[in-house]
2 protein chains.
Amino acid sequence: MARDRKFSTDELFQLTHQLLLTYGYEGFTFSILAEQLEVSRGTLYKYYENKDELITEFMLYEMSQFMLKLKDIHAQEGFEAQTEYLIDLIFKQTTIPELIEIGRHIPNTNEKVEKNKKQLDEQRMDMYYQLESYIQLGRREQRLKKNLPTSLILGLIFQTITIPNHFNVPRSEWIEGIKEIICHGMFLQN
Amino acid sequence: MARDRKFSTDELFQLTHQLLLTYGYEGFTFSILAEQLEVSRGTLYKYYENKDELITEFMLYEMSQFMLKLKDIHAQEGFEAQTEYLIDLIFKQTTIPELIEIGRHIPNTNEKVEKNKKQLDEQRMDMYYQLESYIQLGRREQRLKKNLPTSLILGLIFQTITIPNHFNVPRSEWIEGIKEIICHGMFLQN
DNA sequence: AGTAAAAGTGACACTTGTGTCATTTTGTCG
DNA sequence: CGACAAAATGACACAAGTGTCACTTTTACT
């Protein structure tokens with residue numbers, strides 16, 4: 001009964017993603033977004049009360065997509081294979097840690113935003129739970145050193161994504177190097 | 001022949017540091033800074049044309065302080081001791097990587113800023129050079145795995161600082177864990 | 001005590017982003 | 001066709017940061 005929208009949610013989220021990575025949370029504005037979408041700024045307010053609402057909505061979507069893939073980790077046989085799967089997955093979704101970091105800066109500007117942020121936290125806990133059982137497998141298989149805190153292991157794995165590759169080491173060599181160090185360290189055994 | 005300043009460069013830089021970490025580059029304003037310094041905003045413009053000039057000036061200072069300490073790495077005997085020294089140093093200066101990251105977002109708003117940014121790049125290269133010789137020592141001592149790219153090793157060591165310690169693992173346990181993983185990995189040997 | 005040089009002030013004009021809303025456009029359905 | 005509901009628009013009032021500058025205040029020095 002009405003006319004079609006000039007943009008899809010997919011387009012919107014994709015652009016949001018790109019602009020967030022380019023300009024960061026503060027630099028991200030409805031002005032830029034509207035211009036890129038070739039739509040007036042006022043239009044965006046028809047769908048979201050403010051940028052925080054849009055961003056949290058987008059992040060929920062992004063997180064759920066990531067969680068779907070993460071759940072498949074349990075299809076892998078054994079701790080070593082799961083580790084390989086996890087690192088490869090993270091390097092396919094390289095922006096997740098950045099988005100999480102951005103998410104920490106979002107203020108509670110209205111109830112919807114607050115609700116979304118709570119939901120994001122729940123997803124983060126769910127993610128942690130998924131990975132907790134992966135770590136437990138490692139401990140059960142006696143493959144993991146006992147004294148290492150779980151949160152350190154997970155944090156370190158996730159953080160490897162953000163190491164800047166200034167010298168453009170080829171991607172495969174880079175990822176292999178990371179796996180090697182995380183699993184067996186940079187030192188040669190004697 | 002004139003009156004004293006109401007604030008010292010030290011105070012200014014310390015506050016700049018704190019505000020940058022709290023609000024990030026975009027959120028850092030002369031308004032907030034002036035208020036905290038209990039000085040009018042106009043005063044700040046007497047010393048810096050804009051915030052980019054102040055921030056780059058501050059970063060140059062911070063980098064040079066860090067470089068001084070970094071140079072002492074060569075006083076350590078052997079690769080393992082140097083590795084220990086490096087990681088401990090980084091964890092004493094936890095904000096260096098964050099500052100470097102913030103530095104990447106600064107636009108060239110005037111010639112002074114441009115000059116400062118170039119100088120920062122040189123310092124970064126100098127830092128790299130210092131650490132390159134540390135890595136070379138590791139290779140010469142046959143302690144380092146041959147196939148690992150230098151930039152990956154250095155990047156990974158520096159990045160460990162930014163792993164969020166959500167569960168408040170005690171600091172010493174945290175740092176020991178990081179050293180352990182970087183040097184020998186998270187896997188038990190069989 | 002007088003003064004000049006530097007420090008500091010605050011008002012002004014400007015820019016950019018925000019949120020709102022009365023109005024216009026568009027396309028589908030009866 | 002025509003009407004009506006959703007989509008889109010653009011102008012308005014507001015908020016916050018920026019950079020400037022004529023002016024005032026302070027104080028070390030003569």
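Because the structure is predicted, anything quoted here is derived from the model rather than measured. Letters A, B, ... mirror the listed sequences (proteins, then strands); counts begin at 1.
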Rounded to the Å, how far apart are [X] [atom1] and [N] [atom2]?
{"X": "B/Ile32", "N": "D/dA15", "atom1": "CD1", "atom2": "P", "value": "18 Å"}
{"X": "B/Glu26", "N": "D/dA16", "atom1": "CD", "atom2": "P", "value": "17 Å"}
{"X": "B/Arg5", "N": "C/dG8", "atom1": "CZ", "atom2": "C1'", "value": "12 Å"}
{"X": "B/Leu33", "N": "D/dA16", "atom1": "CG", "atom2": "C1'", "value": "16 Å"}
{"X": "B/Leu44", "N": "C/dA7", "atom1": "CG", "atom2": "P", "value": "13 Å"}
{"X": "A/Tyr47", "N": "D/dA8", "atom1": "OH", "atom2": "C1'", "value": "8 Å"}
{"X": "A/Phe7", "N": "D/dA7", "atom1": "CZ", "atom2": "C1'", "value": "9 Å"}
{"X": "A/Lys6", "N": "C/dG27", "atom1": "NZ", "atom2": "P", "value": "11 Å"}

Mind checking whether B/Phe28 and B/Tyr23 have ring centres under 6.0 Å apart?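 That pair fails the under 6.0 Å test.
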Any residue meeting salt bridge (charged side-chain N to carboxylate O under 4.0 Å, His left out) with B/Arg5, in chain and number order, not counting sequence neighbours: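 Not a single residue meets the salt bridge (charged side-chain N to carboxylate O under 4.0 Å, His left out) criterion with B/Arg5.
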For each nucleotide in nucleotides 18-24 of chain C, reading 5' to 3', give B when a protein heavy atom comes within less than 4.0 Å of its base, S when such contact involves only the sugar-phosphate, and - otherwise. BBB----
Classify the ring geometry of A/Phe7 against A/Tyr47: parallel below 30°, tilted from 30° to 60°, perpendicular beyond 60°.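 Because their plane-to-plane angle is over 60°, the rings of A/Phe7 and A/Tyr47 count as perpendicular.
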Under 4.0 Å between a side-chain nitrogen and a carboxylate oxygen: does that hold for A/Lys118 and A/Asp121?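 Here A/Lys118 does not pair with A/Asp121 in a salt bridge, since their nearest N and O are not under 4.0 Å apart.
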Within residues 120-158 of chain A or reaching into it, pairs that qualify as ring-ring contact (aromatic ring centres under 6.0 Å, His included) - sequence neighbours excluded: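 Residue pairs with at least one partner in residues 120-158 of chain A: A/Phe79-A/Tyr134, A/Tyr128-B/Phe167.
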Rounded to the nearest 0.5 Å, what's the gap from CD1 on A/Ile135 to CE on B/Met186? Could you check?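 Here the interatomic distance stands at 6.5 Å.
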Give one of base, sugar-phosphate or nothing for B/Tyr48, where a contact means two heavy atoms less than 4.0 Å apart.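 Contact class for B/Tyr48: none.
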